[in-house]
Amino acid sequence: MNYGIVIVSHVPELAQGLPKLLQQVAKDVPITAAGGTDDDEIGTSVTKIMTAFADNPADELLTFYDLGSAKMNLELASEMSDKPIHLYDTALVESAYSAAALLEAGVKLPEIEAQLAPLKIK
Amino acid sequence: MNYGIVIVSHVPELAQGLPKLLQQVAKDVPITAAGGTDDDEIGTSVTKIMTAFADNPADELLTFYDLGSAKMNLELASEMSDKPIHLYDTALVESAYSAAALLEAGVKLPEIEAQLAPLKIK
Amino acid sequence: MDLALDQATKWLELFGDEIEKNKAYLSDLDTPIGDADHGFNMARGMEAVETSLAQKAPADLAGLFKQTAMALITKVGGASGPLYGTAFLEMSKQAAQTSELNSLLAAALAGIKKRGGAAAGDKTMVDVWEAVLPELAQGTLTDAKIDEAVEATKPLIAKKGRASYLGERSKGHIDPGAMSSGYLFKALLKAVA
Amino acid sequence: MDLALDQATKWLELFGDEIEKNKAYLSDLDTPIGDADHGFNMARGMEAVETSLAQKAPADLAGLFKQTAMALITKVGGASGPLYGTAFLEMSKQAAQTSELNSLLAAALAGIKKRGGAAAGDKTMVDVWEAVLPELAQGTLTDAKIDEAVEATKPLIAKKGRASYLGERSKGHIDPGAMSSGYLFKALLKAVA
Ligand SMILES: Nc1ncnc2c1ncn2[C@@H]1O[C@H](COP(=O)(O)OP(=O)(O)O)[C@@H](O)[C@H]1O
Ligand SMILES: Nc1ncnc2c1ncn2[C@@H]1O[C@H](COP(=O)(O)OP(=O)(O)O)[C@@H](O)[C@H]1O
Ligand SMILES: [Mg+2]
Ligand SMILES: [Mg+2]
Ligand SMILES: [Mg+2]
Ligand SMILES: [Mg+2]
């Protein structure tokens with residue numbers, strides 16, 4: 001089972017930047033992102049999220065988001081997607097970083113989720 | 001007492017993007033940021049942080065960061081700064097957003113800190 | 001009562017008009033407890049609904065609600081997008097079985113609550129839906145009661161959405177999504193009158 | 001023993017040489033439990049130290065350590081910057097009172113622990129400093145003992161720094177900052193020999 005990470009943010013720059021932080025400690029983990037509305041304003045886009053899902057070469061995706069409306073669009077997108085999508089209500093930056101480092105180290109999903117659990121804040 | 005927010009991230013784009021998310025709900029709160037090393041690589045810079053402190057017109061600053069080494073540089077910078085600096089070990093995006101919205105609403109610092117407390121994850 | 005295609009079409013037109021007319025006000029409501037865009041989000045979404053329905057006239061209720069849902073989901077840009085989008089998506093699915101209005105709206109409300117996780121009292125659009133649907137089912141819904149339901153969100157402390165970040169400070173402000181849902185039900189009353 | 005300015009200068013030169021020689025190895029250590037840059041960070045920092053000292057020859061120990069601190073703080077770019085930077089900053093302040101080596105190093109260690117919040121057993125450079133300082137004070141420190149202290153970080157689970165995100169997976173890897181501190185103390189032994 002190969003896993004990838006998808007970052008969903010209301011802000012395009014955040015969606016561009018966070019993967020750089022992650023890729024540094026997870027060079028072999030596929031990471032894609034969706035940031036901003038279709039017009040690159042502050043908000044989220046189901047279309048962009050579905051593209052991030054499809055563009056990510058992994059079979060199964062761990063997804064992280066910033067604010068609640070991003071979560072709702074993530075859920076809509078995952079209902080429309082074939083891939084298994086895992087969604088975490090954890091601190092965006094810190095939990096995506098943890099997940100990335102742990103995936104690179106070959107840690108299995110249940111153990112990763114156990115480590116993410118204390119970061120649940122939403 | 002007027003408060004401002006300073007964002008410190010290892011990534012330049014994150015430091016550019018997060019303030020946009022915050023400013024949307026906190027148009028009157030001064031927000032500055034320091035992202036990346038002096039060469040704009042992944043890391044943090046005491047120099048950039050001190051500039052963010054000085055450029056922020058507020059008298060007192062609430063600061064948020066991503067990873068531990070950013071915190072150490074924040075502390076170094078605050079030791080070298082005249083302004084009172086408050087540093088939070090809370091989820092970067094979610095707590096900076098909370099603080100911004102609450103400052104805009106005129107909430108006092110003790111109440112803001114009470115609301116940030118459950119977001120402490122580092 | 002069974003909702004006819006022409007009534008539903010009128011419903012959406014009237015709703016779109018109210019949104020367009022009041023978009024600045026809705027965004028004002030979204031300022032102290034949000035990011036000041038609810039009206040503009042909804043106006044953009046309803047304009048996309050209008051465009052979609054003009055480009056392709058739906059054959060039936062299910063089609064009308066489906067097109068509406070997709071336009072809102074893809075164009076609104078804020079929380080109200082997935083929420084109203086899901087509401088119309090559920091009505092679209094339900095419309096394959098029945099055109100009975102209360103049944104459709106119940107499916108919509110269930111969808112909103114599932115999508116957003118809100119319950120009555122959380123200071124969201126759900127508060128208006130929960131207050132309005134029983135009255136509608138009894139045939140006792142009026143504009144005044146809709147106004148009351150919207151106004152009733154004022155003293156609540158927000159538990160969902162951007163307003164929830166303000167905590168106590170969300171008290172004393174009408175919820176913008178509640179207001180737009182108020183417009184939705186007033187438009188419905190006119191459309192089925 | 002009192003540390004003389006020429007000994008301290010030699011110390012930093014030898015340390016800089018070891019860092020430059022082993023930067024790829026240090027970054028390799030920083031790969032399974034970090035972001036693969038510790039060696040490059042330290043090399044950049046020590047090059048900046050060399051430049052700074054060449055541009056302005058410090059008048060005394062305090063000046064030497066202060067310039068070293070500022071170069072590391074501003075140029076290292078990673079956690080080791082504020083940590084080693086604080087170590088030398090504290091030695092600089094202490095050097096205003098005394099040149100006694102153990103006293104200087106104790107001040108440095110206290111600074112590192114305050115800055116990073118680490119304790120012995122957390123799998124950081126602190127583990128090496130804590131093991132080495134008593135031996136140094138007794139006059140019993142050897143390269144072999146330094147190697148042991150560095151190696152002793154291998155089975156530990158990291159509690160601080162980027163390695164701490166790996167949890168259990170940080171076991172079985174030598175801490176890179178411990179290794180660079182190992183070079184620091186080997187260089188010291190040579191410089192004061
Ligand atoms: N989880 C939720 N459940 C129900 N309604 C919600 C939820 N989150 C937000 N809302 C509604 O959405 C409205 C805000 O919509 P809008 O301003 O368009 O989105 P955003 O907050 O993303 O800018 C709120 O007034 C509230 O009625
Ligand atoms: N809080 C801390 N206290 C003590 N040492 C630490 C701490 N955080 C990190 N370190 C040390 O720093 C080393 C990593 O340095 P470096 O790779 O230059 O920084 P970064 O992790 O920011 O890339 C670790 O091996 C460890 O020895
Ligand atoms: Mg809004
Ligand atoms: Mg919005
Ligand atoms: Mg490193
Ligand atoms: Mg680094």
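Letters go in sequence order (proteins before strands), and every chain restarts at 1. Please read these numbers as outputs of a predicted model, since none were measured by experiment.
The environment of B:Lys20 atom NZ is sparse: at most 12 non-hydrogen atoms of other residues, nucleotides or ligands sit within 6.0 angstrom. Atom NZ of D:Lys66 is surrounded by 12 or fewer heavy atoms from other residues, nucleotides or ligands within 6.0 Å. Few gaps surround CD on D:Glu13; more than 12 heavy atoms of other groups in view lie less than 6.0 Å from it. With a 6.0 Å radius and a threshold of 12 heavy atoms from other residues, nucleotides or ligands, D:Asp6 has its CG atom above the threshold. In D:Lys10, the NZ atom is not crowded: 12 or fewer heavy atoms of neighbouring residues, nucleotides or ligands sit closer than 6.0 Å. At most 12 heavy atoms of other shown residues, nucleotides or ligands fall within 6.0 angstrom of atom NZ in B:Lys108. Counting non-hydrogen atoms of other residues, nucleotides and ligands closer than 6.0 Å to NZ of B:Lys83 gives a total above 12.
D:Lys93 is linked by a side chain to side chain donor-acceptor pair (under 3.5 Å) to D:Glu90, counting only residues two or more places apart in sequence or in another chain.
The most heavy-atom pairs under 4.5 Å with chain B, out of D:Gly78, D:Ser80, D:Ala79, come from D:Ala79. In terms of heavy-atom pairs under 4.5 Å with chain B, the best-connected choice from D:Leu89, D:Asp37, D:Ile73 is D:Ile73.
Note that CE of B:Met72 and NZ of D:Lys160 are 9.5 Å apart. Values are rounded to the nearest 0.5 Å.
For B:Ser45, no part sits under 4.5 Å from any heavy atom of chain D, backbone or side chain.
Contacts between residues 105-140 of chain D and chain B, counted as heavy-atom pairs separated by less than 4.5 Å, involve D:Arg115, D:Gly116.
In this structure the side chain of D:Thr74 reaches within 4.5 angstrom of the side chain of B:Thr47, judged on heavy atoms.
Between B:Asn73 and D:Pro82, the closest heavy-atom pair is OD1-CG, 3.4 Å.
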